[in-house]
Amino acid sequence: MTGFIRAADGSEIFYKDWGPRDAPAIVFHHGWPLSSDEWDAQMMFFLLHGFRTIAHDRRGHGRSSQTERGTDMETYADDVRILVEHLDLKGAVHIGHSTGGGEATRYVARAAPGRVAKAVLVGAITPVMVRSVANPQGLPVEVFDGYRHALAANRAQLYLDIAKGPFYGFNRAGADVSEATVRNWWRQGMAGAVKAHYDCIKVWSETDFTDDLKHIDVPVLVMHGDDDQVVPIADSALLSVKLLRRGELRVYKGYPHGMLTTHPDQLNADILEFIRR
C-alpha cells in the first residue's frame with residue numbers, strides 16, 4: 001500500500017509499505033535529491049525474501065509536500081519517527097544511502113527502545129562532509145557552493161550532469177553507461193522542490209553526526225565503494241566505523257556512489273546476510 005502521514009508542521013510525507021504486516025520490517029532512507037523510488041531494486045528483493053519493506057519520500061522530495069519548512073536533519077528524523085510510530089514498527093532494520101544514511105543515523109541514535117534492531121549505512125555522508133578546523137580532511141565549502149550555484153542556475157542540467165557523471169561512475173573510462181538509469185535519476189530529482197533541494201545541500205554537507213554514531217548501540221553495517229566520487233570513503237566510512245560501538249565495514253573495490261543501482265545483486269546479498277545473523 002501507499003499513503004501519507006502528516007508531519008508535526010502539517011507537511012504530508014508520502015510512503016510505501018509493502019509486504020505482510022507481521023513480517024520483519026526494513027525501512028529505507030533515500031539520498032538527495034531522489035525519492036523512495038531509488039530503492040526499487042532493494043524493496044523488491046527483500047519483499048520477495050519475506051520482509052516488509054517501507055520507504056518514504058523525504059519532505060521536499062518526490063511526492064511529499066514541497067514545503068520550504070523543516071529542511072534540517074532534526075525535522076527529517078522527526079518525520080521518520082512519526083512514520084515509525086504510525087506504522088508501529090518494532091525491531092526494524094533501517095537502511096540509508098548518502099543523505100539518507102545521515103537521516104537513518106540521526107533517527108536510530110534517538111529511537112525509542114525496541115524500535116530498531118540493526119542499521120546499514122551505504123555511501124553515507126557521516127560523520128560530516130564539509131572541511132572545518134574540527135574536520136580538516138573534509139571537502140572545502142566551495143565544492144558545495146558549486147552545487148548550489150549550478151542548482152539555482154539550471155537544476156535540470158545539473159541533475160543530468162550528476163547522473164551521467166560521478167554518481168554512478170559513468171564518467172570513468174570503459175564504464176557501461178545506462179541511459180535508463182540516468183533518466184530515472186533525473187526523473188526522481190525533478191519531481192522534488194528546487195528550494196528544498198537547494199537548502200538540503202547545507203544539511204548533507206554540514207550536519208555533524210559524530211555524537212549520533214557514538215550513541216548508537218545496535219549493530220551497524222557500513223558499506224562504501226572505494227571509487228565513490230560524491231562521498232569520498234576516506235572522509236566518511238573509514239571514520240564512521242571507528243565511532244560506532246558495534247560497527248562493521250565493507251569496502252567495495254571500484255564501486256561508485258550509486259552502487260545500490262549499479263551492483264544490486266552484490267549489495268542485496270550482503271545486506272541480507274547481515275540482517276539474518
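In this text the structure is predicted, and so the values were computed from the model without any measurement.
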Asker: Regarding N268 and Q266, do their side chains bring together a donor and an acceptor under 3.5 Å, going by distance alone?
Answerer: no
Asker: Taking only residues two or more places apart in sequence, or in another chain, which ones meet D37 in a side-chain contact (heavy atoms from CB on, under 4.5 Å)?
Answerer: K16, S35, D40, R63, R187, Q188
Asker: What residues, two or more places apart in sequence or in another chain, satisfy ring-ring contact (aromatic ring centres under 6.0 Å, His included) together with H149?
Answerer: none
Asker: Of the non-hydrogen atoms in H49 and L272, which two are nearest, and what is the gap between them?
Answerer: CD2-CD2, 3.7 Å
Asker: In terms of side-chain geometry, is the basic nitrogen of D17 or R52 positioned less than 4.0 Å from the acidic oxygen of its partner?
Answerer: yes
Asker: How far apart are the C-alpha atoms of F170 and W185, what are their side-chain angles, what is the distance that settles it, and do they pass the ring pair (Phe, Tyr, Trp, His ring centres under 6.0 Å) test?
Answerer: CA-CA 13 Å; F170 290 160; W185 201 99; over 10 Å; no
Asker: If only atom types and distance count, is the side chain of T262 paired as donor or acceptor with the main-chain N or O of Y168 below 3.5 Å?
Answerer: no
Asker: My understanding is that only residues two or more places apart in sequence, or in another chain, count here; which of them pass side chain to side chain donor-acceptor pair (under 3.5 Å) with D9?
Answerer: S11, R59
Asker: Would you find more than 12 non-hydrogen atoms of other residues, nucleotides or ligands less than 6.0 Å from D88 atom CG?
Answerer: yes
Asker: Does NE2 in H263 sit with more than 12 non-hydrogen atoms of other residues, nucleotides or ligands closer than 6.0 Å?
Answerer: yes
Asker: Look at E74 together with R110 and state whether they make a salt bridge at an N to O cut-off of under 4.0 Å.
Answerer: yes
Asker: Answer with yes or no whether the side chains of H56 and S64 bring together a donor and an acceptor at under 3.5 Å.
Answerer: no
Asker: Does the R115 side chain pair with the main chain of L89, one donor and one acceptor, at a distance under 3.5 Å?
Answerer: yes
Asker: Is the ring pair Y76/H61 parallel, tilted or perpendicular, if the boundaries are 30 and 60 degrees?
Answerer: perpendicular
